[in-house]
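Not measured: the values here are computed from a predicted model.
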Amino acid sequence: MAALAIEVERLVKRFGDLVAVDGLDFSVPAGTCLGLLGPNGAGKTTTVEILEGLQPATSGKVRVLGRTWADDADGIRARIGVALQETRFHEKLTVEETLTLFRSFYPRGPGVEVVLGQVALEDKRNARVGTLSGGQKQRLALAVGLVGDPELLFLDEPTTGLDPVSRRGLWTIIEGLKGRGRTVLLTTHYMEEAAVLCDDIVIVDHGKIVARGSPEELVHSLGGEQLVEFVASPPIPTEALERVPGFSGRRQRGETVSLSVQALHEAVPGLLRIADEHGSELVRLSTRAATLDDVFLALTGRTLTEAEQG
């Protein structure tokens, strides 16, 4: 059994009468990437801050790299890296000076030149932080998280503000860390990112875990890995739709009905026959593979993007 980089047991965090985290239990094996997903107010940021040692838990147990913050805070800090969604650095320092400063805080780690290359900031080494674009500052924050060669890296929305090329570059860095036995805990609202990078995903809502599994397991939990989406006029009765070949679930948002099915080549002709039987016209019809966003929608009634906006 792989060693556990993170262990969380019955974690609770209260702010007065508000219960932000309500009895979370999960663990993260070393050398893997865990995605912690959830809308604003779900408790994921509070959970991550407790794991990073920024907040105390109200109750429960947390172990990071086999240690607790109460027993060995300095030892944990020397072995982790943190890249926040928004980090403020001294704007008069250059990029190289900033990395040199943070590198001095750690007992080991790669040279500043190596980290600059990892995040593609070589040409900005002498630029003052205040002159950087939002995406460049985000890459600098990632570099600060990497400069101590962390065994465990916390990434909070790391690709927000990055262009597609930089985002893919970050994915390569994370895959490289995993290949070296490092562990990553990632929060993101990009479902494609979670599907590509995460070995395991925990979905949190209202302070509780509502689902956990690999991306493939979560998509499979919908009961079908393909979706047929349509608008029918007049609507087709629900009980009739259950006769669609390979039917495993139905959801509706406004006029659009989504059917989870096993095989599109059987489901679509079956749906057309049933529509004809009920005198319904399919004014719109599309098919696609199910995604993690569909899982989130099925669990919470909204997509993750909508939940974040809400």
Side-chain angles (χ1 to χ4, degrees), residues 1-15 19-38 42-87 102-110 115 141-158 170 173-188 194 197-204 207-209 212 214:
M1 180 178 177
L4 296 177
I6 296 175
E7 301 168 76
V8 176
E9 298 179 18
R10 302 181 299 279
L11 180 63
V12 174
K13 178 63 177 181
R14 295 187 179 91
F15 297 96
V19 181
V21 179
D22 193 5
L24 296 190
D25 286 279
F26 65 90
S27 59
V28 185
T32 65
C33 178
L34 175 78
L36 190 60
L37 309 183
K44 67 180 189 299
T45 298
T46 301
T47 300
V48 172
E49 289 179 348
I50 292 171
L51 293 174
E52 294 169 342
L54 300 178
Q55 289 198 47
T58 301
S59 63
K61 297 180 180 179
V62 168
R63 294 181 67 83
V64 177
L65 299 173
R67 307 179 184 188
T68 68
W69 283 102
D71 295 335
D72 191 6
D74 289 341
I76 295 175
R77 288 192 187 99
R79 299 168 63 193
I80 69 171
V82 177
L84 303 176
Q85 183 176 356
E86 183 178 357
T87 306
F102 278 90
R103 174 63 186 85
S104 70
F105 299 156
Y106 294 93
R108 60 185 174 87
V115 179
L142 174 61
V144 166
L146 294 171
V147 78
D149 191 21
E151 297 174 46
L152 170 60
L153 179 63
F154 293 95
L155 297 175
D156 186 7
E157 306 283 359
L170 173 63
I173 292 171
I174 293 175
E175 292 291 356
L177 288 170
K178 289 166 55 180
R180 294 169 49 218
R182 302 307 196 234
T183 309
V184 178
L185 190 148
L186 169 75
T187 71
T188 180
L197 296 177
C198 298
D199 302 288
D200 204 8
I201 290 174
V202 171
I203 298 178
V204 180
K208 295 179 179 291
I209 294 176
R212 178 172 186 177
S214 69

* To do: Let me see the working for Ile50 and Lys13 under side-chain contact (heavy atoms from CB on, under 4.5 Å), right down to the final yes or no.
  => CA-CA 9 Å; Ile50 292 171; Lys13 178 63 177 181; 3.9 Å; yes
* Please test Leu4 against Val28 for side-chain contact (heavy atoms from CB on, under 4.5 Å), starting from the C-alpha separation and ending with a verdict. => CA-CA 6 Å; Leu4 296 177; Val28 185; over 6 Å; no
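Tested against Glu151, the residues Arg108, Lys178, Arg67 include a single salt bridge (Lys or Arg N to Asp or Glu O under 4.0 Å) partner, Arg108. Partner of Arg63 under the side-chain contact (heavy atoms from CB on, under 4.5 Å) criterion, chosen from Thr68, Val8, Leu51: Thr68. A salt bridge (Lys or Arg N to Asp or Glu O under 4.0 Å) with Asp149 is found for exactly one of Arg103, Arg79, Arg180, namely Arg180. Results of the side-chain hydrogen bond (donor to acceptor under 3.5 Å, both in side chains) test with Asp156 over Thr187, Thr188, Thr87 single out Thr187 as the only residue that passes.
The nearest pair of heavy atoms linking Leu34 to Cys198 is C-SG, 4.2 Å. Closest non-hydrogen pair, Arg77 versus Trp69, comes out as CG-CZ3, 3.7 Å. Closest approach of Thr46 and Ala20 over heavy atoms only: OG1-CB, 4.2 Å. The nearest pair of heavy atoms linking Phe154 to Ile80 is CE1-CD1, 4.1 Å. Contact record, Gly31 with Thr183: N-OG1, 2.9 Å, taken as the closest heavy-atom pair. Shown here for Gly145 and Pro150, the closest heavy-atom pair between the two residues is O-CG, 3.4 Å.
Counting heavy atoms from C-beta outward, Leu142 and Leu170 have side chains that approach closer than 4.5 Å. In this structure, Pro158 and Leu186 have side chains that are in contact, with non-hydrogen atoms separated by less than 4.5 Å. In this structure the side chain of Val204 never reaches within 4.5 angstrom of the side chain of Leu37, judged on heavy atoms. Looking only at side-chain heavy atoms (C-beta outward), Val21 and Gln55 stay at 4.5 Å or farther from each other. Looking at heavy atoms from C-beta onward, Val184 lies out of side-chain contact with Leu197 at the 4.5 angstrom threshold. Counting heavy atoms from C-beta on, the side chains of Leu153 and Leu185 never come closer than 4.5 Å. A heavy-atom distance below 4.5 Å is found between the side chains of Asp200 and Arg212.
In this structure, the separation between CD on Glu9 and OG on Ser27 is 9.0 Å, given to the nearest 0.5 Å. Atoms CD and CZ, from Glu7 and Phe26 in turn, are 11.0 Å apart once rounded to the nearest 0.5 Å. Note that the CG atom of Leu65 and the CD1 atom of Ile6 stand 7.5 Å from one another [nearest 0.5 Å].
Evaluation of the salt bridge (Lys or Arg N to Asp or Glu O under 4.0 Å) test over residues 22-37, restricted to residues two or more places apart or in two chains, returns Asp22-Lys208.
Side chain of Thr58 to backbone of Arg14: a donor-acceptor contact under 3.5 angstrom is found.
With sequence neighbours excluded, the residues satisfying ring-ring contact (aromatic ring centres under 6.0 Å, His included) with Phe105 are Phe102.
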